[in-house]
Each structure stands twice: as structure tokens, then as C-alpha cells.
Amino acid sequence: MDIENIWEEYRADILAFLHSRVANADDVDDLLQDILIKAYKKIHTVKSERSVKSWLFQIANHTIIDFYRKKNKSWALEIEDLGLSEDSFDTMEELSHCVKLLIDWLPKKTAELIIAIDIQGQSQKEYASNLDLNYSTVKSQVQKGRKQLRKQFEDCCYLSFDQYGSVIDFEPKSQDCPKC
């Protein structure tokens, strides 16, 4: 298998995949180069030509995950990195005032978990270790807690999302929303 031919065949697909998940074009270019380097170094591990495409997309997906993990640790995200416009940033800022109130409406343990993981930035593994919990249990509790928090938002407001799943607009369902 020749990496040049493989890259020529799948480069456009990988580029489209990256653009669908990363807003900043410069970051996409950097990630594309990282993926090529990783593919070049590991092409010998591919057992079948039929699995090349899925193998490349696995590399791309892991590269994106690593990219966001590094970004998350710095907490220095730019609006364009998130795929948000100035308007959606204003929307998110307005909604952020409700977050604490909505978290308070969650069960106490769920609220503590969401605050530790999503607000304070503690890793799920670290949280599990500190409380002597199973990591997979914490992962599922985080997902469940996030769903509950989202339901709190949806019970209070009509939400509109962009193609990336970011809230771009909202409208309270009633003036008497007891949560915000």
C-alpha cells in the first residue's frame, strides 16, 4: 500500500470530516497534516486495503479528540474555535446566567458531579478516583446529568441549534419560568 495514493484518494473526505468538527480553518490544516504524519508512520499496521478508509477516519477522529483535550486544558478558547458567531456568543452568555439556577434544580449528587466535571474542569477519571467510584459509572452519570440539565433548559426555553449543536437562539416558554 502506497501512502501517496491512499492520501490522494481520501484527503478530500478527511478534510470535509475535519471541517464538520473544527471551525477554525488553520486548525483544520494543522490537523490534516498531523493525520498524514500519523498515517505515514503507521501504514504498515493496516492489514487489508478494504480497511484503509475506516483506519484513516479512526486516526482523524482520535486526532480531533486529542486536539480538543489540549484546547480544553488551556481554557483559552476563541469564539471562532467553537464555531460560534458573535450573536451566538451573546446567546450563550445570556443562557449562562441560568446555568447555576438550573443546576441547583438537579438532584444534589448530579449537581455536584456536573459542577466538578463541566464547570470546574475536573477530569472524569480524577473525579472517580477521588470518590472511589468506578470510572465507567462516572462516565454514565455525567451523560445522564448532562441530559437532565439539557431537559431543564428545554423545559424552560425553546432552543434553536446550529449545525454543530450549539445554541444559537432561545425564547423563554413563559414569563413565569420558576428556574430562571
Problem - Heavy-atom pair of closest approach, residues Gln124 and Val138 - result: O-CG1, 3.8 Å

If you measure from [atom1] on [X] to [atom2] on [Y], what distance do you get to the nearest 0.5 Å?
X      : Y      : atom1 : atom2 : answer
Ile6   : Glu49  : CD1   : CD    : 7.0 Å
Ile3   : Lys41  : CD1   : NZ    : 12.5 Å
Asp13  : Leu18  : CG    : CG    : 11.0 Å
Gln122 : Leu113 : CD    : CG    : 9.5 Å
Ile64  : Asp34  : CD1   : CG    : 11.0 Å
Glu4   : Ile43  : CD    : CD1   : 11.5 Å

4.5 Å side-chain heavy-atom contact, [X] and [Y]:
X      : Y      : value
Ile35  : Trp7   : yes
Gln152 : Gln148 : no
His19  : Leu15  : yes
Leu36  : Leu32  : no

Problem - Enclosure of Lys38 NZ (heavy-atom neighbours >12, cutoff 6.0 Å) - result: yes

Name each donor-acceptor pair under 3.5 Å that joins a side chain in residues 127-136 to protein atoms two or more places apart or in another chain, with its distance.
from, atom 1, to, atom 2, distance (Å)
Asn130, ND2, Glu126, O, 3.4
Asn134, OD1, Ser136, N, 2.9
Asn134, OD1, Ser136, OG, 2.9

Problem - same_hphob_cluster(Tyr68, Phe57) at 4.5 Å side-chain heavy-atom cutoff - result: yes

Handout entry: Transitive ILVMFWY side-chain link Tyr40 to Leu56, under 4.5 Å
Key = yes

Handout entry: Residues in side chain to side chain contact (heavy atoms under 4.5 Å, CB included) contact with Thr45, at least two apart in sequence or another chain
Key = Lys42, Trp55

Practice task
Just jot down the side chain to side chain contact (heavy atoms under 4.5 Å, CB included) partners of Glu154, sequence neighbours excluded, or say none.
Solution key: Arg150, Leu159

Handout entry: Stepwise side chain to side chain contact (heavy atoms under 4.5 Å, CB included) check, Asp66 with Arg69
Key = CA-CA 5 Å; Asp66 291 344; Arg69 281 185 183 147; 3.8 Å; yes

Exercise for the section: Given side chain to side chain contact (heavy atoms under 4.5 Å, CB included), test Ile117 with Arg146 step by step and report yes or no. Expected result: CA-CA 10 Å; Ile117 304 296; Arg146 288 174 180 163; 4.0 Å; yes

Exercise for the section: Give the intermediate values and the outcome of salt bridge (charged side-chain N to carboxylate O under 4.0 Å, His left out) for residues Asp155 and Lys151. Expected result: CA-CA 6 Å; Asp155 288 348; Lys151 183 168 178 359; 3.1 Å; yes

Problem - Full working for side chain to side chain contact (heavy atoms under 4.5 Å, CB included) between Thr110 and Gln141 - result: CA-CA 8 Å; Thr110 304; Gln141 288 175 345; over 6 Å; no

